[in-house]
Amino acid sequence: MDGGRDIEAARATVEERRNAEALIVDVEGFEGPLDLLLVLSRSQKVDLRQVSILALAEQYLVFVERARLLRIELAADYLVMAAWLAFLKSRLLLPPDPKGDEPSGEDLAAHLAFQLERLQAMREAATALMARPRLGRDVFARGAIEAVTVHRSAVHHASLFDLMQAYARVKTRDEFRPFVMDRRDLMTMEQALDRLRSLVGDAADWADILAYLPEDWHVAPKRRRSATAATFAASLELAKEGRIEIRQNESFSRIEIRRKDRA
Amino acid sequence: MTQSPEPAQFDAPPRAEAARMIEAMLFASAEPLGTAEMARRLPEGTDLVGAIEDLRAQYQGRGIELCRVGDAWAFRTAPDLGHLLERHTIETRKLSRAATETLAIIAYHQPCTRAEIEEIRGVSVSRGTIDQLVEMGWVRLGRRKMTPGRPVTFVVTEAFLDHFGLSSARDLPGLRELRAAGLLENRPPPQAGGQEDEGEAQDSLFGD
Amino acid sequence: MTQSPEPAQFDAPPRAEAARMIEAMLFASAEPLGTAEMARRLPEGTDLVGAIEDLRAQYQGRGIELCRVGDAWAFRTAPDLGHLLERHTIETRKLSRAATETLAIIAYHQPCTRAEIEEIRGVSVSRGTIDQLVEMGWVRLGRRKMTPGRPVTFVVTEAFLDHFGLSSARDLPGLRELRAAGLLENRPPPQAGGQEDEGEAQDSLFGD
């Protein structure tokens, strides 16, 4: 019975897993490969300036390998970094190609060290910044604000041109008034027709059409002219209706009308 | 809000330090702070009254003063500096049409009564329009007219002549010159020159 | 309404009086007041710089201090008295680590492009992070960079300085040390063909 050994093996696996998970479970918590590298570099317990990039590259590659064994999906950029670090590792281990144009492993490692140091510095700066006395938490602004009253005053201006133009506009307003008939001195045909209709019933004898003008339309020439025209037009209308007869002895002589008696 | 610094466990601060504390509290508070509230926040045994007295003396004659408001205290701007909290902005605006026309009529016809202005404009003139011109210093009251009712007249001022660069109102160009200058050819806008009896309505619409 | 102090017509006030005036103006405002704005409100010829210097000395060691914020000034309570004061401003959102780091990178490297932030942090910067900082009023757009693509840059604002009690971006903690250590340089990765001498520091803001 090998049960005991199986249990041992299982236990070892659990132990292994636990170790691996110490970092890997938290893979979501890392902010990218650079952050992970920074965390790994701390395990070297040295000043960041003396960190061994070669060792760091190995640590990272081990990490990625473990993640792969545990079937943890790593984001692409972690794998890109792994590939790059593998390249860097080979560069650091192999003697430099004397006629090569490529940057040396040392240069690449130095740059990575710089990046790590810079990220670390910015993290510390962020912490220092957040630890400063802050407005609204440690330091306070004036509580009773006295608002600045804004007085808006307007200065009106006008130019001489504006002034003259305004005057011109006022003075010429009449000239541009739309044409409207002044109805006080106008007699319409309807008015004359109404009047004539009520009067012709009594007109048995020939009489001057002008005699039918209303009292106050005789004198003023404008009114007289309008009343005459309206009354004449009305008389033509009544003649057409067969209610009156019209006669004029010669051109420009008196126009006379009388009632037409129906047969 | 509920942040209590447990003041009781500290020793009572010296008066100068107490004054600092009160100064900061009063400065940051939106409302006047009552002595009870201050005492609650200050270390036990603080000489509140003495510290306030010190503080008040320190601010004597300064740009802000420590004022007593009932049983509370607050910083206030020194009364003589209130003007610093005011900002004056001046905008230049074109004189309204009603005002320009009224001004023009007064200038051309002065001394000129309100009724005369209305007759020439064909619309009633609102009080505000003449008031505005008076306030601007371009129009002032002239002598009363010796006609029934003795109505007041309006005339233009020196400031008006100054502004328009005229040595006297007689220098204003006459109608003929206006015509020669092409100013009379301008067709009046459609709303102008309607029926006389619409004047009232127009004034409220187009007046200032 | 038309009350005008027309300060210009008065003589420039003596320095003590100028200090009173500035004191009153700064007390009335919660926000830092720019020197230009103060000068506009003060009588012409006021020795603003001298008066501010006096005022600052007068408030040395008091419960409130006169603080410079960029090109502006504000009274703020002394940092050691924070425990006495009520916290009106409850910290609305705790900034994420990404946000604080991004803020620090912008502050120390400004003007700083998004690509530069990403290079330093080693991860892409989510839109929301910068948006949040802009929304808080701590970061704003700076000038475009004169590099290919003319990318926009980000800089910190006066409100940022005010919030963190900094007179200027030059007062950022540890700035000098970081610069001396070369950690604020924009050092490009080594490339084939050797080092480009592009290590041009972007300390245009901190230059003088």
Side-chain angles (χ1 to χ4, degrees), chain A residues 29-38 48-49 75 77 81 84 100-112 114-149 151-155, chain C residues 1-4 25-31 41 67 74-83 85-89 91 95 97-98 100-105 107-109 119-124 162-166 172-175 178 181-184 187-195:
Chain A
F30 291 112
E31 293 204 66
L34 206 57
D35 183 33
L36 174 55
L37 278 169
L38 196 55
L48 258 188
R49 281 169 186 264
D77 50 348
M81 178 62 90
W84 187 81
D101 207 14
E102 302 284 293
S104 73
E106 278 73 26
D107 287 345
L108 295 172
H111 186 72
L112 179 59
F114 167 75
Q115 283 180 292
L116 291 173
E117 202 190 341
R118 184 173 59 179
L119 178 60
Q120 180 61 29
M122 282 301 111
R123 281 202 175 148
E124 283 162 8
T127 307
L129 197 58
M130 292 300 147
R132 285 186 65 81
R134 286 163 67 176
L135 191 65
R137 193 186 70 179
D138 313 289
V139 164
F140 293 83
R142 177 74 171 135
I145 308 156
E146 290 174 69
V148 172
T149 335
H151 296 277
R152 275 176 218 287
S153 45
V155 169
Chain C
M1 208 68 208
T2 41
Q3 180 227 349
S4 52
M25 287 194 293
L26 291 176
F27 246 75
S29 171
E31 307 293 320
R41 290 205 240 153
C67 304
F75 276 118
R76 298 288 180 243
T77 58
D80 65 312
L81 298 178
H83 63 279
L85 304 168
E86 284 180 39
R87 259 140 241 208
H88 327 270
T89 334
E91 212 165 331
L95 280 183
R97 178 166 136 173
T100 55
E101 278 183 27
T102 302
L103 180 64
I105 291 167
Y108 284 82
H109 291 260
E119 202 204 307
I120 293 170
R121 295 199 65 230
V123 285
S124 63
D162 193 22
H163 184 91
F164 292 99
L166 297 162
L172 284 164
L175 182 74
L178 289 172
L183 290 171
L184 300 183
R187 215 183 278 174
Q191 259 154 21
Q195 221 85 330

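Lettering follows sequence order; numbering is per chain, from 1.
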Bottom line for C:A78: the part with an atom under 4.5 Å from chain A's heavy atoms is backbone
Quick one: are A:L119 and C:E101 in side-chain contact, heavy atoms under 4.5 Å? yes
Kindly indicate whether the side chain of A:Q115, heavy atoms from C-beta on, has any atom under 4.5 Å from the side chain of C:R187. no
Is any side-chain heavy atom of A:L34 less than 4.5 Å from a side-chain heavy atom of A:L112? yes
Side chain, backbone, both or neither: which part of C:S29 has a heavy atom under 4.5 Å from chain A? backbone
When heavy-atom pairs shorter than 4.5 Å are enumerated against chain C, which of A:G32, A:A141, A:A121 gives the highest number? A:A141
Contacting moiety of C:F164, where chain A heavy atoms sit under 4.5 Å: both
Check whether C:L178 gets within reach of chain A through its side chain, its backbone, both or neither, counting any heavy atom under 4.5 Å. side chain
Tell me, for C:E119 versus chain A, whether the close heavy atoms (under 4.5 Å) come from the side chain, the backbone, both or neither. both
Heavy-atom proximity to chain C below 4.5 Å, by part of A:R132: side chain
Interface moiety of C:A30 toward chain A, non-hydrogen atoms closer than 4.5 Å: both
For the residue pair A:F140 and C:L81, establish whether any side-chain heavy-atom pair is separated by less than 4.5 Å. no
Determine the option with the most heavy-atom pairs under 4.5 angstrom with chain A, choosing from C:L26, C:T102, C:T100. C:T100
So do A:M81 and A:L37 actually touch side chain to side chain, heavy atoms under 4.5 Å? yes
What residues, two or more places apart in sequence or in another chain, satisfy salt bridge (Lys or Arg N to Asp or Glu O under 4.0 Å) together with C:D80? B:R20
So A:M130 and C:L103, do their side chains get closer than 4.5 Å, heavy atoms only? yes
